Amino acid sequence: MSLKKLYSNASHEHIVDALRRSNGKRVKAALLLNNTYYSSQPVPKTPPLRRLQRGRSNDHTDETDDEDDDDDDGDDEEVDEEQKRKNDQTLYFYNHSGSQEIQDVTGCTPAQAEQLIELRAQQTGSLFLTFDALREVLRRERGLSVKFIDSYVDMMDGYSIVDQIIENIEELGTELKNIINVWEGVEDGAVKEDQEDTGMHLSGSPISNNKSNENDNMIDKSSHVYRDAMDGFLTEQPKIVNNELTLKNYQILGVNWMLMLYRKEISGILADEMGLGKTAQVISFLGRLYELGKQGPHLIIVPTSTISNWLREFERFCPDINVYTYYGSQQERFKMRCELLDPENRGEYQVIITTYATATSGKDDRVFLRKLKCKSMILDEGHMVRNCTSARYKHLIALHTPFRLLLTGTPLQNNLQELVSLLMFILPDMLLDYEEEIRKIFKIRSITTRDSRKGFSSAQILSQQRIERAKKMMTPFVLRRRKVDVLKDMPQKTQVIELCKMTENQQNLYTVILSESKKSYKEALDNKANKKKGGVEHLKNIVIQLRKAADHPLLFRHIYDDAKLRKMAKCIMKEEKYWDADKEYIYEDMTVMTDFELNRLCCDHRSIKKYALQKQEWMDSGKIDFLKKLLPAMKAKNQKVLLFSQFTRLLDILEMVMDTLNLRYLRLDGDTKPGERQELIDQFNEDNDIEVFLLSTKAGGFGINLTSANIVVLYDTDFNPQNDRQAEDRAHRVGQTRDVTVYKLVAENSVEEHILNMANIKLRLDQSVSGLGEDGGPIESKEQVDKENVQSLLKTILAS
């Protein structure tokens, strides 16, 4: 966004002067303009401003400034006045803020904040009397720093910039909201002909359905807002859409919303809850553009696993649109580039579908996509560009198109920084110049607290101001609907948390691993080298080991002891493929295998088959005990089950469980070829004799419709709860006719209980930002958690 747009009241001369005085720094110029009255003050003729020492008193002077210059006096006075204002604000903050406020702004530890408050209490009147006194205390006291002053000033500068941007965004947001209000009014019949203004609150809440207020909510057809809203407005699905398929009302509204943004060249995020048919809405939107004679081309970038699903949906909804897939080997893509860039073929295709990997891998691919000069760029699973520091983000944001649309059911996954990255992606002209300042106000400080009832818990604190700013920045450009709001006939989804008591063998194994983990962690703390280097990776490994123990004992080696392995190594030498092998090497290879892998090795070789597991040890797990009751009961009721796990090795074990329970099943994970995915999905949906579908959680999250199942079992929870929600909504989506029950299996008194608590907190943050709490309003809690929080929690547990 230009400074002129940001400060519309400022004259061209004032803006030029601000840029000159800030040495071309746009952010500093914005700060100057923010404190300037524009209408009557003449532009001062002053040299460029000297660089401010933020929040610092001038302990030294620049020797080049020794000469007195009358022309600099006014400039110096302005610098002094601005510096005094910042110093006063800083002093007030540190005199009146509590411990958490200080941590939130400065990023200091709780101990540092308490130390500062204690020092404040020792001052006359329990206040720092002057800014210099505050600065001296921060400089002198061990553990504190004058950087705390800079942190506050930087934060306030960030708020100032963001407030100006939000003010501009709110103007645009009001315009978009007015249009949506008109659409709602048309749907409700609240439209009047040429009458006087009735005081309709277009910029406020949605139009009321209360008939007693009908006269207050009538829409004037002659108004500019009405004419703008009805420009190209669809009251029914586009003619090009297959008439055998019917879009629901909320989906037609979604198409109108995309058409409006496209017409105004405003990018957006279609963030409907998973299962509401975002793909169908996008295809219908592109079909309508084709009807209007807008040929494109339009670029759709998708995860590799969903290409076949997109092609299938295009064929179903808009078979008249020519879709070209840019995907294949390097040689195949070379031929495609030549063909697609041939001027004679430019009008032969309207849509090009490619993958994230292809679009961002090689320079030739990236150059080719830029040469296409597509009219729009649509990112399926748009949260895949939430990390603005990734190569993927940088390559894709370099693809300039007039219109960008992100599709995601999870606009907020880990933190507000990621949300801001998404907004910057769709609004680069508006936000990128102020990226540093915007990110400052969304920094999050991790702390650990003690809960007397639940022991230790980890949380991250986020100020209410930041929540509100995030919502204001997000709202105008995001269309987000929930199934509960738009699908009144949608079957219910019930979630059941099933605490599974570990079996005796499993509990013993978990206790041993926890004990060894504590010991190794304390040893690592005693070793300064390990403490500085490799500590995080060591801790991550502990997390994984505890999770595996909570899942199943066969993921470790505890049944096959060393003595048995030496016997097996000797016996397997009889196999022809091992004649030339070294017995000691065979033994060493066996020692790093799990019980499950060793059992499979025994089953595959006749010479050691006698060492295969004989007591169905794959059934020895607390979670398996629950499945032994649930799955046969569901089979008796003719209800299909989706069974998800994080670990593909666990899916191997579950295959043995399915065979033992005499259940028919299919399996889909990350190793399943893209071309085979849809065949498996169709087979499961169409064959009523297949009772269970085994899926890895992430592989089962993209572009899968499994509404033939109404029971979902999450064998283990993901660190990111949105992945679990995506998995759940493979069954709970448009097309489902039965109520869906989701069972979350959690090993009792294990690390999984903490992970579940963290996931619930993160979901509450998502609700708070989107304003979709359980009561319809923002949730007061400011916590949000990611993987690092779990590790922080484990540090406390292991150190205790």
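On a predicted model such as this, the values are computed, not experimentally measured, just so you know. Atom set for the values below is all heavy atoms of this structure, side chains included, hydrogens, waters and symmetry mates excluded.
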*Verify salt bridge (charged side-chain N to carboxylate O under 4.0 Å, His left out) between Asp682 and Arg312, making sure each step is shown before the conclusion.*
CA-CA 12 Å; Asp682 292 340; Arg312 179 181 177 138; 2.9 Å; yes
*Stepwise, does the side-chain hydrogen bond (donor to acceptor under 3.5 Å, both in side chains) test hold for Asp716 with Ser645?*
CA-CA 6 Å; Asp716 36 50; Ser645 175; 3.0 Å; yes
*asked:* Any non-hydrogen side-chain atom of Phe693 less than 4.5 Å from a side-chain atom of Leu706?
replied: yes
*Test item: Arg664 and Asp687 side chains (from C-beta on) under 4.5 Å apart, heavy atoms*: yes
*Among Glu752, Gln506, Glu498, whose side-chain hydrogen bond (donor to acceptor under 3.5 Å, both in side chains) with Lys623 holds?*
Glu752
*asked:* Counting C-beta onward and ignoring hydrogens, is there a side-chain heavy-atom pair between Glu686 and Gln683 closer than 4.5 Å?
replied: no
*How far does CG of Leu631 sit from CE of Met658, to the nearest 0.5 angstrom?*
5.0 Å
*Tell me whether the centres of the aromatic rings in Phe596 and His552 are closer together than 6.0 Å.*
no
*In this structure, are over 12 heavy atoms from other groups packed under 6.0 Å from Lys335 atom NZ?*
no
*Find the distance between OG (Ser361) and NE2 (His395) and round it off to the nearest 0.5 Å.*
8.5 Å
*Could you tell me whether the side chain of Tyr326 reaches within less than 4.5 Å of the side chain of Ile353, counting heavy atoms only?*
no
*Nearest 0.5 Å, what's the OG-CD distance between Ser708 and Gln736?*
8.0 Å
*Are Gln507 and Glu748 close enough that a side-chain donor and a side-chain acceptor fall under 3.5 Å?*
no
_A side-chain contact here means heavy atoms from C-beta on lying under 4.5 Å apart; do Val496 and Lys744 qualify?_
no
*Spacing of Lys567 atom NZ and Lys610 atom NZ [to the nearest 0.5 Å]*: 8.5 Å
*Look at atom CG of Asp580 and say whether more than 12 heavy atoms of other residues, nucleotides or ligands are closer to it than 6.0 Å.*
no
*Test the Lys564-Tyr560 pair against the cation-pi criterion, namely NZ or CZ under 6.0 angstrom from the six-membered ring centroid and within 45° of the ring axis.*
yes
*Hey, are the side chains of Thr360 and Tyr393 touching, using non-hydrogen atoms and a 4.5 Å cut-off?*
no
*asked:* Less than 4.5 Å apart, side chain to side chain, heavy atoms only: is that true for Ile711 and Lys640?
replied: no
*Relative to Phe647, does Lys548 satisfy both conditions: NZ or CZ under 6.0 angstrom from the six-membered ring centre, and within 45 degrees of the ring's axis?*
no
*Atom pair CG/CG of Asp551 and Leu650 - distance to nearest 0.5 Å*: 5.0 Å
*Any side-chain heavy atom of Leu695 sitting closer than 4.5 Å to one from Leu643?*
no
_Can you tell me how far apart CG (Asp625) and CG (Leu630) are? Round to the nearest 0.5 Å._
12.5 Å
*Looking just at side-chain N and O atoms, do Tyr324 and Glu339 make a donor-acceptor pair shorter than 3.5 Å?*
yes
